[in-house]
Amino acid sequence: MSENTAFAVPKDSLSVSIRLQTSVTLRGEIFLEYAPDTVSLHQKVTAFLENDNVFFPFKIGSGGTEFLNKTKVRYVEINLPEDTDALYFSVRPMQASPVNVKFGDGDTVNGELVAELPSG
């Protein structure tokens, strides 16, 4: 195996829906970096979204993998199963606030904004 890991695809994947700026929605999987068990899934997803990589691999539901440009992504919706365990979120204090986001083209997204913050 090559020692150059810059182009290695991480093994942990997560089912998501990605809405692009063109209003196209893609369903498939993103690949998350390996992290020790002390890191929650929420923290892995946050690290994925906030890293400096402009492109990321995306496995489309039909089986092919494409590289998407983060600057063309409007939002990422995580498809969590109904029986998601409590380990998805961090052990740190989490606060959730309802949000209604309005985009310049008139589209809106309703949901909850979750942040690792102490109350108040």
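All heavy atoms count here, side chains included; hydrogens, waters and symmetry mates do not.
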Which residues share a side-chain contact (heavy atoms from CB on, under 4.5 Å) with Val54, sequence neighbours left out: Asn69

Atom OG1 of Thr71 and atom CD of Gln21: how far apart are they, to the nearest 0.5 Å? 6.5 Å

Might you point out which heavy atoms bring Glu33 and Asp12 nearest each other, and give the distance in Å? O-OD2, 4.1 Å

Are Val73 and Ile60 connected into the same hydrophobic cluster when the rule is that any two of I, L, V, M, F, W, Y join if their side-chain heavy atoms are below 4.5 Å apart? yes

Looking at residues at least two apart in the chain, or sitting in another chain, which of them share a side-chain hydrogen bond (donor to acceptor under 3.5 Å, both in side chains) with Asp107? Arg19, Arg74

Please examine the side chains of Leu68 and Leu26, heavy atoms only from C-beta on, and report whether any two atoms are closer than 4.5 Å. yes

Results of side-chain hydrogen bond (donor to acceptor under 3.5 Å, both in side chains) for Asn100 - residues two or more places apart only: none

With clusters defined by side-chain heavy atoms of hydrophobic residues (ILVMFWY) lying less than 4.5 Å apart, directly or transitively, does Ile78 cluster with Tyr75? no

What pairs meet the salt bridge (Lys or Arg N to Asp or Glu O under 4.0 Å) rule with one or both residues in residues 58-70, with sequence neighbours excluded? none

Could you work out, with side-chain hydrogen bond (donor to acceptor under 3.5 Å, both in side chains) as the rule, every residue matching Lys72, not counting sequence neighbours? none

Residue pair Phe31 / Ser13: nearest heavy atoms and the distance that separates them: CD2-CB, 4.0 Å

Return the set of residues passing side-chain contact (heavy atoms from CB on, under 4.5 Å) with Ser17 (not counting sequence neighbours), or none when no residue passes. Thr25, Arg27, Glu77, Asn79

How long is the straight-line distance from NZ of Lys102 back to CG of Asn110, given to the nearest 0.5 Å? 9.5 Å

Does any part of the side chain of Ile18, heavy atoms only, come nearer than 4.5 Å to the side chain of Ile30, both counted from C-beta? yes

Listed partners of Phe48 passing ring-ring contact (aromatic ring centres under 6.0 Å, His included), at least two apart: Phe56

Among all residues two or more places apart in sequence or in another chain, which pass the side-chain contact (heavy atoms from CB on, under 4.5 Å) test with Thr22? Leu20, Val24

